Amino acid sequence: MTTPEATAEHYDVAVIGAGVVGCAIARRFTLDGARVVVLEKAAEVLDGASKANSAILHTGFDAPVGTLEADCIRAGHAEYREIRDRLGLPLIECGALVVAWTAQEAARLPALIETAHANGVTDVAPLSAAQARALEPALGPGVAAAFRVPGESLIDPWSAPHGYLAQALLNGATLRCEAEVHGGVRNGESWRLETAAGPVSARLVVNAAGLFGDMVETRLLGAATFRIRPRKGQFVVFDKTAAALAGHILLPVPTATTKGIVVCRTAWGNLLVGPTAEEQEDRTTATLDGPTLARLRARAEEILPALAGHEITAVYAGLRPATEEKGFRVRAEPAAGYIAVGGIRSTGLSAALGLAAHVRALWDAPLRPIADPVWPAMPNLAETAERDWQRPGNGGIVCHCERVTRREVEAALTGPLAARTFAGLKRRTRVTMGRCQGFGCGAEIAGITAGRLAVPMLPRDGDE
Amino acid sequence: MSEPPPRPAPPTPHAPPLAETAAPPAQAAVGAGAVRGCATPTHDLAIIGGGPAGLGAALEARRLGLRVVVLEREAEAGGIPRHCGHPPFGLREFGLPLTGPAYARRLVAATRAAGAEIRTHTAVVAIEPGPRLVLATPHGVDAVDARRVLIATGVRETTRAGRLIGGTKPGGVMNTATLQGLVYLNRQRPFVRPIIVGTELVAFSAILTLRHAGIRPLAMVEPTAHVTARWPSALLPRLLGIPLWRGTELVAIEGTERVTGVTLRSASGTRHVATDGVVLTGGFRPEATLVRQSHLTLDPATGGPEIDQFGRTCDPAIFAAGNMLHPVETAGWCHREGRAIAARIAESLAGALPPPEPALRLRPADGVLYAVPQRIVPDARTTGAIQLRAAAPVRGRVVVRTSASVRGPAVDTVPERRILMPLATIPPDAAGEAEIAIEPDGRHR
């Protein structure tokens with residue numbers, strides 16, 4: 001169906017990749033008045049790096065000072081706080097404790113506090129071991145010292161990007177899934193992109209292709225200025241009964257290569273531990289490893305000994321689009337109508353809105369912002385605010401571990417950003433993501449979704 | 001069914017449910033103190049969970065004249081048997097080898113006929129002192145106050161996550177209950193040549209379920225050297241020509257959209273096997289989140305609430321019965337246990353149970369995985385038994401070590417097998433701490 005003669009749909013901006021960064025960029029350009037198309041290779045949005053992270057809205061206190069990453073996290077954090085009420089997005093302002101477990105780690109805390117100050121995060125407070133323990137009585141033995149970062153918060157890592165994209169779509173943007181970009185040519189003022197879903201023409205192409213950013217750049221420009229080196233992170237999630245063991249996000253003292261193993265609650269009321277940092281070549285598959293997961297559980301039980309005996313609800317692994325350099329890799333060629341947002345190897349969830357504003361400012365085309373944009377209200381899945389099961393007319397709970405109602409599932413299967421895969425339905429509603437992992441509701445969910453997902457949950461009748 | 005004279009409260013068979021207008025504001029957060037007020041109890045007994053144990057308790061409580069409500073979170077009561085479309089269920093209760101769904105329907109009908117109210121689509125989200133139960137219903141948040149509460153929330157199987165299995169996360173990996181729901185309720189065939197992990201009794205239910213759907217399992221794998229379920233179930237795979245690989249562990253699952261294979265490890269090394277599904281059976285654990293989040297004491301050994309021989313938890317108004325006390329028993333056992341504990345609840349309402357303290361506290365020791373009840377209150381009429389499981393295959397004798405050592409039954413057992421030690425063998429005045437252990441006799445099993 002993709003032939004050179006086909007007529008391309010024309011847009012101002014084509015965003016390649018519907019991860020958290022692409023969604024935020026699509027929203028920014030749409031609200032500023034551009035005609036936007038989002039091109040996603042997968043059948044569903046948030047299907048790459050954005051499907052797995054630690055679900056924290058960072059302040060950027062530990063970002064390298066003076067970098068684009070530090071600026072974008074700061075701006076992203078501020079904009080999230082500004083817009084989250086109108087989009088119905090949660091914010092659990094629990095704060096973080098950076099915990100030193102050895103004298104050597106404790107010796108590095110003053111420098112980290114200095115970095116925080118230089119990053120404009122001035123409310124950090126050093127704590128003695130006793131003070132840290134008073135704040136977090138469940139901490140294991142061996143705490144040497146700590147400091148507190150009040151602004152570190154928990155959010156829903158999927159309702160946020162879904163909200164950004166939903167707002168873009170409601171204000172005129174277009175989403176094309178299963179639309180991998182195979183190549184493109186620049187003709188004067190605009191690009192003609194050849195995609196798996198047909199040709200698309202746009203004045204500006206924004207490459208937010210995450211784990212495939214360098215490949216997309218090569219397809220468009222002939223060569224890439226960065227190379228993705230996927231970094232795998234594995235996580236273990238404990239049941240909601242464990243969440244009371246940690247009030248703060250418990251961060252380790254970071255090393256040169258990783259933020260280290262975090263223990264924190266989630267917006268949904270679980271407790272997670274992770275990630276690992278494992279380099280690999282494969283860009284699509286993040287495999288779990290039993291012994292590594294057992295080590296994560298053991299580490300979590302060192303940090304919070306009372307975790308022993310709590311049940312594990314879920315395990316997952318994700319890939320971060322790291323590159324050969326540590327920083328974000330933003331490349332702007334305004335004259336060529338091309339901007340790449342590459343190497344968002346971590347902190348993408350926190351920095352996305354800031355990155356979007358940054359990218360928008362790199363393109364000087366005159367646009368007329370939408371005067372009175374539509375604000376979608378995202379369904380709340382956080383335990384700290386009212387859930388649908390607490391309201392009348394919810395149709396009954398379908399998934400009991402996560403208390404997901406039939407009305408929530410129906411809503412996620414309809415609308416401009418309807419779930420297209422079972423994984424997408426899980427990210428929108430949390431069905432089957434609780435402690436029983438579908439033991440109780442798997443069959444019922446399969447029944448409800450039969451024939452309603454672009455990629456069916458189960459083989460269709462007769463498939464063998 | 002004969003009706004004995006009602007006691008202790010006059011029956012009001014259809015106590016009205018709490019009016020919707022009496023529901024607390026929908027914004028009410030869930031948790032201790034969320035729904036307050038000193039409402040007069042509308043029921044003598046509120047039962048959480050309409051499976052075999054909960055329905056057995058409701059039936060007996062009605063026979064004894066109590067005002068009973070069963071709170072069932074699913075669309076239909078009946079519990080796990082609802083999904084098990086194969087016999088034998090109900091031999092003890094109905095004298096017939098029924099399929100699970102037929103058995104569940106009969107239990108529900110008998111309970112309703114006895115005058116018990118069963119509220120479906122009603123999930124208990126918090127147990128509070130009072131006792132008061134906070135409910136989630138299609139109409140929003142509600143609450144029930146009852147003079148006594150029975151927790152009968154049952155069990156679930158250990159998930160792939162709980163087993164820390166490596167690999168990818170494709171579709172086609174599920175517990176037995178999900179498989180049963182897909183096959184018997186939805187009439188779906190999720191895969192064609194799956195492997196079955198585990199050899200507890202439920203694994204043989206998985207085989208029957210697959211057979212019903214015309215699915216031929218590739219093999220059954222068991223990490224230990226022993227088949228857990230007892231004869232004659234263990235003969236089933238051989239009868240059906242299904243290979244049984246003992247001493248084999250599932251270490252990784254492969255595939256993106258669907259399962260394409262698994263990695264197995266045994267003494268002879270690691271090997272890859274092509275398969276399109278994984279059925280994870282057994283590893284039952286109590287559905288005890290409500291208990292963990294309440295004021296009740298949990299027994300780390302069972303994962304369920306700590307009880308005395310009357311099924312009474314540390315809150316004397318709250319009782320527990322069924323598989324959440326002892327993962328895992330048959331439906332018939334749970335039904336009978338529910339009935340027995342309902343009779344104790346009626347006694348409790350009549351003030352006829354001894355006080356909860358002093359009590360002998362039993363702690364599992366050498367060779368014992370768990371023992372129920374965990375507390376034994378001195379009681380002149382003591383009947384019944386301590387129910388325990390071995391941690392590993394063993395031959396020997398059960399002992400309770402109090403100030404003296406009390407000899408229990410000789411055993412030759414594996415972990416799935418129930419061991420009973422009559423309560424009457426425990427000295428009636430024993431109190432304080434005691435260990436329950438299995439002392440091996442030195443012979444290999």
Side-chain angles (χ1 to χ4, degrees), chain A residues 236-237 239-241 244 284-294 297 309-317 383-384 386-387 389-397 400-401 403 405-407 421-423 435-444 446-447 450 455-459 461 463-464, chain B residues 20 23 26-30 73-75 83 120-121 123 125 136-141 156-169 171-172 174-186 188-192 251-254 256-258 285 287-289 292-293 300 303:
Chain A
V236 170
V237 182
D239 194 10
K240 294 178 198 294
T241 54
T284 53
T285 309
T287 54
L288 295 158
D289 175 61
T292 306
L293 297 170
R297 177 175 61 184
H310 280 273
E311 288 185 36
I312 288 175
T313 285
V315 292
Y316 65 98
E383 296 276 305
T384 46
E386 192 193 11
R387 293 275 313 272
W389 65 265
Q390 293 165 296
R391 291 188 287 252
N394 58 51
I397 293 177
H400 286 280
C401 301
R403 295 190 189 138
T405 67
R406 185 172 281 268
R407 180 166 61 187
T421 69
F422 181 53
R435 63 187 73 88
C436 90
Q437 296 278 296
F439 173 93
C441 67
E444 187 172 0
V455 179
M457 183 178 163
L458 287 166
D461 280 348
D463 277 8
E464 298 251 321
Chain B
E20 272 168 49
Q27 297 89 317
V30 174
R73 66 187 195 176
E74 301 295 332
H83 309 160
T120 55
H121 278 311
V125 295
T137 79
H139 313 294
V141 180
R156 66 187 133 83
E157 295 165 284
T158 300
T159 63
R160 181 243 169 103
R163 296 167 199 244
L164 298 184
I165 295 168
T168 56
K169 293 170 74 178
M174 61 191 68
N175 286 124
T176 316
T178 313
L179 172 71
Q180 290 171 335
L182 291 172
V183 168
Y184 292 122
L185 303 183
N186 295 17
Q188 283 172 303
R189 282 178 83 195
F191 29 56
V192 179
V251 292
I253 295 170
E254 292 133 33
T256 47
E257 293 298 320
R258 310 262 170 248
R285 41 188 62 214
E287 186 67 80
T289 307
R292 276 185 184 265
Q293 291 176 332

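Small disclaimer: the values here were computed from a predicted structure and weren't measured. Sequence lines set the chain letters: A, B, ... in the order given, protein chains first and strands last, and positions in each chain run from 1.
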Novice: Mind listing the closest non-hydrogen atom pair of A:A443 and B:G181 along with its distance?
Specialist: CB-C, 3.4 Å
Novice: Give, as side chain, backbone, both or neither, the part of B:T137 having an atom under 4.5 angstrom from any heavy atom of chain A.
Specialist: backbone
Novice: A:T313 versus chain B, heavy atoms under 4.5 Å apart: side chain, backbone, both or neither?
Specialist: backbone
Novice: Using non-hydrogen atoms and a 4.5 Å limit, figure out which bit of A:Y316 sits close to chain B: side chain, backbone, both or neither.
Specialist: both
Novice: Out of A:R406, A:E311, A:Q437, return the one with the most heavy atom pairs under 4.5 angstrom to chain B.
Specialist: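 Maximum pair count with chain B is reached by A:E311.
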Novice: Is it the case that the side chain of A:K240 and the backbone of A:R435 share a donor-acceptor pair, with hydrogens and angles ignored and the cut-off at 3.5 Å?
Specialist: no
Novice: Compare every heavy atom of A:R297 with every heavy atom of A:I312, then report the nearest pair and how far apart it is.
Specialist: CD1-CD, 3.5 Å
Novice: With respect to chain A, which residue among B:H121, B:R285, B:Q293 yields the maximal number of heavy-atom pairs within a distance under 4.5 Å?
Specialist: B:R285
Novice: To the nearest 0.5 angstrom, please state how far the CD1 atom of B:I165 sits from the CG atom of A:D289.
Specialist: 12.5 Å
Novice: What heavy-atom pair brings A:F439 and B:N175 nearest, and what distance separates the two atoms?
Specialist: CD1-CB, 3.8 Å
Novice: Working to the nearest 0.5 Å, report the span between CG of A:L293 and CG of A:L288.
Specialist: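 Going from the CG atom of A:L293 to the CG atom of A:L288 covers 5.5 Å.
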Novice: Counting heavy-atom pairs under 4.5 Å with chain A, which one of B:T289, B:T159, B:T120 comes out on top?
Specialist: B:T289
Novice: Given the options B:R292, B:R156, B:H83, which has more heavy-atom pairs under 4.5 Å with chain A than any of the others?
Specialist: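 Answer, by heavy-atom pair count under 4.5 Å with chain A: B:R156.
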Novice: Please state whether the side chain, the backbone, both or neither of B:R160 comes within less than 4.5 Å of a heavy atom of chain A.
Specialist: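 Interface part for B:R160: side chain.
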Novice: Taking all non-hydrogen atoms of both residues, which atom of A:R407 and which atom of A:G393 are closest, and how far apart?
Specialist: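 Heavy atoms of A:R407 and A:G393 come nearest at NH1-O, 3.1 Å.
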Novice: Between B:L182 and chain A, which part of the residue has a heavy atom less than 4.5 Å away: side chain, backbone, both or neither?
Specialist: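 Both backbone and side chain.
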Novice: Any idea which heavy atoms bring B:A177 and B:E157 closest together, and the distance?
Specialist: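 It is N-OE1, 3.2 Å.
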Novice: Could you look at A:N394 and say if it's the side chain, the backbone, both or neither that has a heavy atom under 4.5 Å from chain B?
Specialist: both
Novice: Can any side-chain N or O of B:R73 pair as donor or acceptor with the backbone N or O of A:H400 at less than 3.5 Å?
Specialist: no
Novice: For B:E254, is it the side chain, the backbone, both or neither that has a heavy atom under 4.5 Å from a heavy atom of chain A?
Specialist: neither
Novice: Is it the side chain or the backbone of B:E257 that comes within 4.5 Å of chain A heavy atoms, both, or neither?
Specialist: side chain
Novice: Only pairs of heavy atoms separated by less than 4.5 Å count here; which of A:G440, A:C436, A:A244 has the most with chain B?
Specialist: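 Top count of heavy-atom pairs under 4.5 Å with chain B: A:C436.
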Novice: Against chain B, label A:T285 side chain, backbone, both or neither, depending on which of its atoms sit under 4.5 Å from a heavy atom there.
Specialist: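 A:T285 touches chain B through side-chain heavy atoms alone.
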Novice: Nearest 0.5 Å, what's the SG-CG distance between A:C401 and A:D239?
Specialist: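 Here the interatomic distance stands at 7.5 Å.
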Novice: Which answer fits B:A136, side chain, backbone, both or neither, if we ask what part of it has an atom under 4.5 Å from a heavy atom of chain A?
Specialist: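 Interface part for B:A136: both.
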